[in-house]
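Take a look at the structure set out below.
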Amino acid sequence: MAIIYGVPPSPYVRKTLLAHAIKGISAELKPTMPGSDDPEFRAASPFGKIPAYRLNDTTAFSDSSVIIAYLERTNNTNSLYPENAEEYAIALALEEYSDTKFSEVVSALYYQRIIGPMFFQHDTDQTRVDDLLTNLIPAQLDYLEKTLAGKPYFVGNSFSVADLSIGSHMLSLYHTQFDIDATRWPAVATFNNAFLARTEVKEQLAQELAVFGK
Ligand SMILES: N[C@@H](CCC(=O)N[C@@H](CS)C(=O)NCC(=O)O)C(=O)O
């Protein structure tokens, strides 16, 4: 069985665990913090980022997008990639947007409110939080609202890696208790509620709450 190195509250580990659950693939989670100097982990993730993935003694690699692309090649149950070439490209572009720009602002709030105080004895910077709440996160939710354009999925007519990535980062927002105002962002709020209602997401959330002692 493959090994996933990481901890469930990381949005990228979360995304990877959810892909396994959606596809019905088992893997062993080896709890590993970012920057860990465990040599087995470092061989899989030279820069110390989580998640990393080990298939066997000789093959290991890192990055949630890489791991999920690999999984798809081994098992196309509940495919996360659209068949159509244009939709495939848009799904990858949205995954990249989500794992960079969207993650940047969401993870900043998640760090300020949850991860920093809980694991790194960092005090919350209220000025930064106010900027995230008032300007930076709403700007990205405006973009997502426009992109969804009232549809249930970000690309085409089924759940794809774009939805998985965006939903995974939205779960960080859930932990921060950010309220996705359904009058300003109705499609995003509907998407988020549908994501939270998925069985594998509920199970993932329960694991994360356990890590947070909730
Ligand atoms: N593009 C990577 C990003 C992974 C990532 O940034 N993980 C964070 C934890 S949530 C990390 O390990 N940060 C440590 C660092 O940047 O040194 C992926 O999709 O897996």
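Atom set for the values below is all heavy atoms of this structure, side chains included, hydrogens, waters and symmetry mates excluded. For clarity, every value in this text was computed on a predicted model and none was experimentally measured.
Inter-residue side-chain proximity for Lys214 and Phe212 is flagged as met; some heavy-atom pair is nearer than 4.5 Å. Using a 4.5 Å cut-off on side-chain heavy atoms (C-beta onward), Val7 and Thr32 make no contact. Residues Leu18 and Lys15 have side chains not in contact (no heavy-atom distance under 4.5 Å, counting atoms from C-beta outward). No side-chain heavy atom of Arg42 sits less than 4.5 Å from a side-chain heavy atom of Phe47. In this structure the side chain of Tyr53 reaches within 4.5 angstrom of the side chain of Leu71, judged on heavy atoms. Side-chain contact check for Leu109 versus His175: every heavy-atom pair is 4.5 Å or farther apart. With a 4.5 Å cut-off on side-chain heavy atoms, Leu141 and Phe102 count as touching. You'll find the side chain of Met170 reaches within 4.5 Å of the side chain of Leu144, heavy atoms only.
Side-chain atoms of Ser36 and Asp38 form no donor-acceptor pair, as typed in the model, at a separation below 3.5 Å. At a cut-off of 3.5 Å, with distance as the only test, a side-chain donor of Ser172 or Arg14 sits close to an acceptor on the other residue. Side-chain N/O atoms of Gln204 and Glu200 include no donor and acceptor closer than 3.5 Å. In the model, Tyr5 has no side-chain atom that pairs as donor or acceptor with a side-chain atom of Glu28 under 3.5 Å. If you check the side chains of Trp185 and Asp142, you find a donor sitting under 3.5 Å from an acceptor. Looking only at atom types and distance, the side chain of Asp130 has a donor-acceptor partner in the side chain of Gln126 under 3.5 Å away. Remark: the Tyr81 side chain and the Glu87 side chain contain no N/O donor-acceptor pair separated by less than 3.5 Å.
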May I have the step-by-step check of side-chain contact (heavy atoms from CB on, under 4.5 Å) for Arg113 and Val129, ending in yes or no? CA-CA 8 Å; Arg113 282 196 164 164; Val129 168; 4.1 Å; yes

Leu173 and Thr176: CA distance, side-chain angles, deciding distance, side-chain contact (heavy atoms from CB on, under 4.5 Å) verdict: CA-CA 5 Å; Leu173 269 191; Thr176 69; 4.1 Å; yes

Val106/Phe178 under side-chain contact (heavy atoms from CB on, under 4.5 Å): CA gap, chis, key distance, verdict: CA-CA 10 Å; Val106 168; Phe178 182 96; over 6 Å; no

For Tyr174 and Leu205, run side-chain contact (heavy atoms from CB on, under 4.5 Å): C-alpha distance rounded to whole Å, both residues' side-chain angles, the deciding distance at 0.1 Å, then the answer. CA-CA 10 Å; Tyr174 173 92; Leu205 184 56; 3.8 Å; yes

Verify ring pair (Phe, Tyr, Trp, His ring centres under 6.0 Å) between Tyr111 and His122, making sure each step is shown before the conclusion. CA-CA 9 Å; Tyr111 184 83; His122 276 202; 5.4 Å; yes

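Ion pairing between Glu72 and Lys23 holds under the 4.0 Å rule for side-chain N and carboxylate O. In summary, Lys101 and Glu96 do not engage in a salt bridge, as defined by a charged side-chain N under 4.0 Å from a carboxylate O.
With His169 as the partner, the ring pair (Phe, Tyr, Trp, His ring centres under 6.0 Å) test is satisfied by one option alone out of Phe195, Tyr12, Tyr110: Tyr12. Under the side chain to side chain donor-acceptor pair (under 3.5 Å) rule, Glu95 has a single partner from Ser64, Ser165, Ser160, Ser65, which is Ser65.
Around the CG atom of Asp37, the shell of radius 6.0 Å holds no more than 12 heavy atoms that belong to other residues, nucleotides or ligands. Within 6.0 Å of CG in Asn56 there are more than 12 heavy atoms belonging to other residues, nucleotides or ligands.
A donor-acceptor pair under 3.5 Å links the side-chain atoms of Gln112 to the main chain of Asp125, judged by distance alone. Under a 3.5 Å cut-off, the side chain of Ser103 and the backbone N or O of Ser107 do not form any donor-acceptor pair. The closest donor-acceptor contact from the side chain of Asp163 to the backbone of Phe154 lies under 3.5 Å. Not one N or O on the side chain of Gln207 forms a donor-acceptor pair closer than 3.5 Å with the backbone of Pro8. Between the side chain of Arg54 and the main chain of Ala60, no donor-acceptor pair closer than 3.5 Å is present.
Put simply, Ile166 and Val155 are part of the same group of oily side chains (I, L, V, M, F, W, Y) that touch within less than 4.5 Å, one to the next. At a threshold of 4.5 Å between side-chain heavy atoms, the hydrophobic network of Ile, Leu, Val, Met, Phe, Trp and Tyr places Phe159 and Tyr88 in one connected group. Hydrophobic clustering keeps Leu209 apart from Val211 (ILVMFWY residues linked when any side-chain heavy atoms are closer than 4.5 Å, directly or through intermediates). Cluster annotation: Phe41 and Leu29 are assigned to the same hydrophobic cluster (Ile/Leu/Val/Met/Phe/Trp/Tyr, side-chain heavy-atom contacts under 4.5 Å, transitive). Leu17 and Leu55 fall within a single hydrophobic cluster, where Ile, Leu, Val, Met, Phe, Trp and Tyr are joined by side-chain heavy atoms under 4.5 Å apart, directly or via other members.
The shortest non-hydrogen separation linking Leu171 to Leu196 is CD1-CD2, 3.3 Å. The two atoms that bring Pro152 and Phe191 nearest to each other are O-CD1, 3.5 Å, heavy atoms only. Here the closest heavy-atom approach between residue Pro51 and residue Ile67 is recorded as CG-CD1, 3.9 Å. Contact between Val161 and Ile68 at its shortest, heavy atoms only, is CG2-CG2, 4.2 Å. In plain terms, the two heavy atoms of Pro186 and Glu145 that are nearest each other are CD-OE2, 3.2 Å.
Remark: Ile25 CD1 to Asn75 CG distance equals 4.0 Å, nearest 0.5 Å. Taken from OG1 in Thr199 to CD1 in Ile22, the straight-line distance is 10.5 Å, to the nearest 0.5 Å. Here Arg128 contributes atom CZ and Leu133 contributes atom CG; the two are 11.0 Å apart, rounded to the nearest 0.5 Å. The CE atom of Met33 lies 9.5 Å from the OG atom of Ser10; values are rounded to the nearest 0.5 Å.
A distance below 6.0 Å separates the ring centres of Tyr143 and Tyr97.
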